[in-house]
Structures are given as structure tokens and as C-alpha cells.
Number of protein chains: 2
Amino acid sequence: MKRARVTLADVAALAKVDRAVVSRVVNNDPALSIRPETRERVLAAVAQLGYRPNAAARSLRTARAHMFGLFLPDFANPVYAEIIKGAEAAAAGLGCVLVTGSSTGAGLGGYMDLLGQGRIDGLLLAGAEGESELLAQLDRMAVPWLMLNRRSPAVKRYVILDDERAARLAVEHLVGLGHRRIAHLAGPEGADTALRRSAGWRAAMRDAGLPEGPIVAAGYTPAGGAAAMAALLAAPEPPTAVFVANVASAIGAMESVREAGLDIPRDVSMVAVHDLDLASYLAPPLTTVRMPLAELGRRGVELLGSLKPDDSVAEVLDGPIELIARRSTAPPVSGGPGG
Amino acid sequence: MKRARVTLADVAALAKVDRAVVSRVVNNDPALSIRPETRERVLAAVAQLGYRPNAAARSLRTARAHMFGLFLPDFANPVYAEIIKGAEAAAAGLGCVLVTGSSTGAGLGGYMDLLGQGRIDGLLLAGAEGESELLAQLDRMAVPWLMLNRRSPAVKRYVILDDERAARLAVEHLVGLGHRRIAHLAGPEGADTALRRSAGWRAAMRDAGLPEGPIVAAGYTPAGGAAAMAALLAAPEPPTAVFVANVASAIGAMESVREAGLDIPRDVSMVAVHDLDLASYLAPPLTTVRMPLAELGRRGVELLGSLKPDDSVAEVLDGPIELIARRSTAPPVSGGPGG
DNA sequence: TTGTAGGCGTTATCAC
DNA sequence: GTGATAACGCCTACAA
């Protein structure tokens, strides 16, 4: 029953036709005219033997793997879950499968090899910090790849979201509530998303005629956010509101506020980028800016599928960005914390 | 510069040797005696041309893909991040790459095809609920696969953690603090992990000579946990402590407790399975049971690599399981909530 | 409507 | 020490 390997030849023999015929039937060759009964016989044989085309042979012949790759820094960052979902769905729509890997367990090297060896037809990179060596190599490889949610340093090959607009939305919400001393808990130094969000904060403050508040950088983790927020609160004139670059850091930042014996939103309002399920279950529920992450994944795959090796892409995805107001933001108490 | 495809033949021509020689050099064939200068020439040609072996051709020839698959229900569940990390590292150790996919974006079908077509050498399934049809098919496929963190219904092909012991540890912690009315916020009905954790709770209660407290099931999500906890609190004689089957549900459960105007741990103590970064940043920091998730991923790949198609595996991974006491558990106030 | 034949890039088994 | 040659399983002009 369990045959290790059923080939086209086995099916052909059973159906008493040539392998070529089986191949065309299996591939639904439109330019094939065949007697219904013959097709029946072939299909029956395929079913009976449990035949599945060997992908290696097929790829060797057609130089297409019907597979895309997505590489990211860390599965623990929940924003990637959403991106992956969109990318997987898009790949499935193209009749391909998406394979995902991270740099926590293994390096980018493995996925680069997949690409170099033609085992995947394209690679999506969601943040490959400090891998500029490999990136240069990638660019020499005459093969489709794209950065997701992050601009590529040398070549123009990326799709990003409008992080600047998201930041403005957040800051405008705080300004609308009456805040004037609005600090920024930024992302990691040099990270491209962090840069764009900081720029948005800066622009919105300027537009509102407000002085640029204090800014401190931190990794996109609770621990990073906690440390950064502590620094912000230690300042002589602490902010009445904070725009946090990422929801994970915000979780840590909230803890720092509690540690300091202060209350959110009475003493400090807080709004963060990226909306997660989690946000509405924090204490208090966190005001966030929702961005179209699944859409980003979807679009990335879509572009990969239709990209020529030397094309350049520099796209800011135009999708819905909205503020989800919850209970972590409120008008400032006059005088602010300590007043 | 950008050559679409450099083959063995190109290298052989440049190095003025036969393709066979190049192949042996590239593969470090130990049974090859070769003049050092020849090897030099070959290596130089490889470097100059940027040759990379074509994986399709190699797989066709050797019937090995050097690739393992891991399939899971949802990347948004953070416990999988840890499992993936271990699995990726183990695969890299075997000179393979691990590719991961989820059922949120596409179905299991794509990954089953990878396996059936020989594009991956084995498949790890971390929860494929309700896919029993595909599972049966998998078993007929004479190909290595394994369930992770979940027992397989028909065949014995799984590695799990000692969830029962984890549950006992949690309950014993609560009993040690003096709790007697210990409820259980269980996982989804029918989920295998949920079953094992419930069994542990039941056993620990019996061993402590305590009556089995109330139990209510919920999905492993904040929303599920919130609803279930609300139900538990509405009972005439609410528990003084809750053993929650999963950290995600616990986050929702904490919110329900706050909604009810109660305090953790004064009115209700709470302990949950699986330790995440996040846990120490909740309000209050959540007491958890840490399980060796990365180890589970590692072991899964290890077994896949050395499994014969008809072998059966039923392993309870023997790794460190420890209670991480934080501030969500404390001795009960005499009389309990409302007393 | 069906069959034939060549080759995709490797590796393994020989022979020289 | 090195080279020739035959598969691996499939696709696709082209021929019949």
C-alpha cells in the first residue's frame, strides 16, 4: 500500500497510455484534446496510486518552485503574525506556498540559499538588521526580493506603510485632548520604522505649534519600553502624554508609570503604534493606531510575483490607518503630574 | 555580471576538469583523492562564477530536500515563537532549513503537498485541529511526520510536554498558599493540551484532599479568558484562586477580575501555564509555570531527522518545568471575596 | 488523439 | 587522480 515513490511512468503503465498524456492531464494542459474515457482512465490511475508530481523534477524542468519565502527577525513580535497572515493568503491565491523563517533560530543564510538555489521564487525580508553584507549579495543574485516595512539601504526594493501618517494621527489625538508636553518613546536607533514614526511625531508637533518634547529610544520590547519610560518620567518637567512607537514597548512603559506611582491616563496619557488584541485587555485598555499589516504582507507577495529581477520598487502602501481610542488617553489634568 | 544560472558544467569548463570532479570537490567527498592544485583551480572557478548547486537537480538525484516543515494554527499565539526558535536551531544543526506555515493564511494543504512532493523531508504539526481527514492521508504517505505538543488521535506519532506536571505545580503552589476553593479556567473543549492540564489540576486537588472546584472552558485567547473568568466570578461562592490553562486567556481573565471591581491577588489569586516576557509586565505581574518550549521544537526536529516512516513515537519530553512566582498569587484573605 | 525524444543539473558507478 | 556515462522524474516541441 505504502509505495515510496509513484512516478508518472507508474501511472502511465496502469492507465495504458504514454507518460506524456498523463503529464498533460495532470497539468490540465488546455491545448490538449483527449477522449473523455482516456482522461477518466488516467485520473483513476492517479487516484488509485496516490500519485503526486515530484516537485524537484518539475522545478528542474521549469525553473519555478511555486514557493515564496518570508524572513523576519523574531516570531515573538506579534505584529509579524498579521503580516504573515496576509502574505500566506496572497501566496495561496497565486497557487504558491509561503514559507516563513526567523533569525532567532537560524540565520538569514539558509533562506538566502533557498533563493540562490531556486527553491523559492522570491524572498520577502521583514527587517534584516545589520545584514548589509548579505543584502548586497542578494542584489547581485538576479532574483526577486523585497524588503517589507523597512526601506532597503542601497537599492530601491521595498514596500512600507505610512508610519509617518500613523504617528501624526496619534499626536493629533493627544493635541486634540489638550496635551502640550508630548514626549516620544521611539523605536531602536537606526531602525527605519522608528525613524519614520519619529519624523511624524516631529512634524505633527511643529504643525501644532508645540515645542518638540523629549525623545528617548528603546527596542520594541516591554523591557526596552520600561527603561525608556522611566527615563522620561525622571525628567524635571515630565510629559503629560507619550507617543510610543510600538505596542510592545508600550506594555513595558505602562508598568514603569505604575512603578512611579502615577496613573494612566490621569497623570500620563499614552498612545502606541499597532493595534493588537491584547491592547484592549491591558490596564487601562491602550489607545493605539491600527495599520494595515496583513495588507502589507499581501502586497509584498503580489509584487514578488510580478517583479523582474532588475525592477525597482519603492511603495508606500495606501491602506486604512485609524486611531483606536481606548482608555489610556484623556485630557491632561492642569498642572500635570506632581502639580 | 548577473548570470541567471551557473551550472556545474560552467565551472568544469573554466577549471578544465570534468563535472564529476567539481561535484566531488563541492560536496567534500571524503573518498576523493585529488591533486591540491586541481582542487585549488576548481575552488577558484566556483568562487569566480559564484556557483551554487541547484537544489532541484540535487533533490531529484538524492531524494533529499534538506528541509523540514513546521505547521501551526496561528503565529499570533506567542508560545509558538519559542517552539519555532528551538526547531529552527535544531534544523540548522542538521544542515537543513526549517520552513514554518500557519493555517490562518492558507490551509494545511500546501504543506502536505510539500511533504508529498518530497520538497520537505519531514513535517511537524503543532495542532491541526479538525484536520483528521488530512491526518489520515498523512499516515498513508510513508513519510516522516510528527505532532508537537498534542497527541495524535490514531497513530502514535507525537512529542508532548508534561502538562499534567505543570498543572500540579501550579495547583500545589496555590494550595501551599492556603487556598481551598481553586477554580480551573481550562483550554478549549477537546484540545489535547487542555485535557492534560485539566487532569493535572484534578489530580492535584484530589491529592490535597480538596473538593474539585468549578471548571469552565475557553479558547486560548484574551477574549475567551475574559468571558470564562466572568462566569467563574458570577458563581454563588466564587473561588479564591484560579488555575488558568494558558497565559493568553489569563490576560483576559485579569481584565474580568478588574471589571468586577476585585483585586488580584487580594480577592483572587491567579496562575497560568507558559511563561512569556509579557507576564512580568502585566498588572500585577503574573505568576506562571515555565515549560521548555524551545526544547520541544528542538526535539521534534531531531526525531523527524531520525525517524523511519513506520516508526511510532510517543514521547513526553523530560525538561525543566518551574513555577515563576510573581505578584498575582498570595494567601487568601479569610472569608474570600465578599466576606 | 496520442506517442517520441531530448534535456533540465546533479550524483554515483564505472572505467581509464 | 580524473573522465565518461547513466540515471533521477518531469515537461514540451514535434511527429505520427
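Predicted model only: the values in this text are computed from it and were never measured. Numbers restart at 1 for each chain; the letters A, B, ... are given by sequence-line order, proteins then strands.
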Enquirer: Just checking, any donor-acceptor pair under 3.5 angstrom between side chains of Tyr220(B) and Thr193(B)?
Expert: yes

Enquirer: Which one, dA7(D), dC10(D), dT2(C), comes nearest to the side chain of Arg61(B)?
Expert: dA7(D)

Enquirer: Is there a donor in the side chain of Arg58(A) and an acceptor in the side chain of Asn27(A), or the other way round, less than 3.5 Å apart?
Expert: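 Checked: Arg58(A)/Asn27(A) side chains pair up, N/O donor to acceptor below 3.5 Å.
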
Enquirer: Please state how far atom CD in Glu37(B) lies from atom P in dG1(D), giving the value in whole angstrom units.
Expert: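 Taking atom P of dG1(D) as the reference, CD of Glu37(B) is at 11 Å.
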
Enquirer: If you find the nucleotide of DNA chain D closest to Arg35(B) and the one closest to Ala57(B), which residue's nucleotide is nearer the 5' end?
Expert: Arg35(B)

Enquirer: Figure out the CG/P separation between Asn54(B) and dC8(D), and round it to whole Å.
Expert: 18 Å

Enquirer: With no angle test and no hydrogens, is the base of dT10(C) tied to the side chain of Arg58(B) by a donor-acceptor pair under 3.5 Å?
Expert: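 Checked by distance alone, the answer is no.
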
Enquirer: Give the rounded distance in Å between these two atoms: CZ of Arg64(A) and P of dT12(D).
Expert: 12 Å

Enquirer: Give one of base, sugar-phosphate or nothing for Leu8(B), where a contact means two heavy atoms less than 4.0 Å apart.
Expert: base

Enquirer: Once you round it to whole Å, what is the distance between C1' of dG1(D) and CZ of Arg39(B)?
Expert: 12 Å

Enquirer: Can you measure Leu49(A) atom CG to dG9(D) atom P for me and round it to whole angstrom units?
Expert: 14 Å

Enquirer: Side chain to side chain contact (heavy atoms under 4.5 Å, CB included) between Ile160(B) and Glu315(B): does it pass, once the steps are laid out?
Expert: CA-CA 6 Å; Ile160(B) 56 176; Glu315(B) 182 168 320; over 6 Å; no

Enquirer: Checking Gln117(B) side chain against Ala55(A) main chain: does a donor-acceptor pair fall under 3.5 Å?
Expert: no

Enquirer: Using 30° and 60° as the class boundaries, would you call the ring planes of Phe75(B) and Phe75(A) parallel, tilted or perpendicular?
Expert: parallel

Enquirer: Going by heavy atoms closer than 4.0 Å, what residues in residues 18-33 of chain A are next to DNA chain D?
Expert: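 Close to the strand are Arg19(A), Ala20(A), Ser23(A), Arg24(A), Asn27(A).
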
Enquirer: Taking CG in Asp318(A) as the centre, count heavy atoms belonging to other residues, nucleotides or ligands within less than 6.0 Å. Is the count above 12?
Expert: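 Result for CG/Asp318(A): open.
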
Enquirer: Starting from P on dC11(D), measure out to CD on Gln117(B) and report it in whole angstrom.
Expert: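 For the pair Gln117(B) CD and dC11(D) P, the rounded distance is 10 Å.
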
Enquirer: Asp121(B) side chain to His66(B) main-chain N or O, any donor-acceptor pair under 3.5 Å?
Expert: yes

Enquirer: To the nearest Å, how far apart are Asp10(A) CG and dC10(D) P?
Expert: 9 Å

Enquirer: Any base atoms under 4.0 Å from Thr38(B), or only sugar-phosphate, or nothing? Heavy atoms, all strands.
Expert: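 Thr38(B): backbone/sugar contact only, no base atoms under 4.0 Å.
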
Enquirer: Figure out the CD1/C1' separation between Ile34(A) and dG3(C), and round it to whole Å.
Expert: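 Nearest whole value for this atom pair: 12 Å.
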
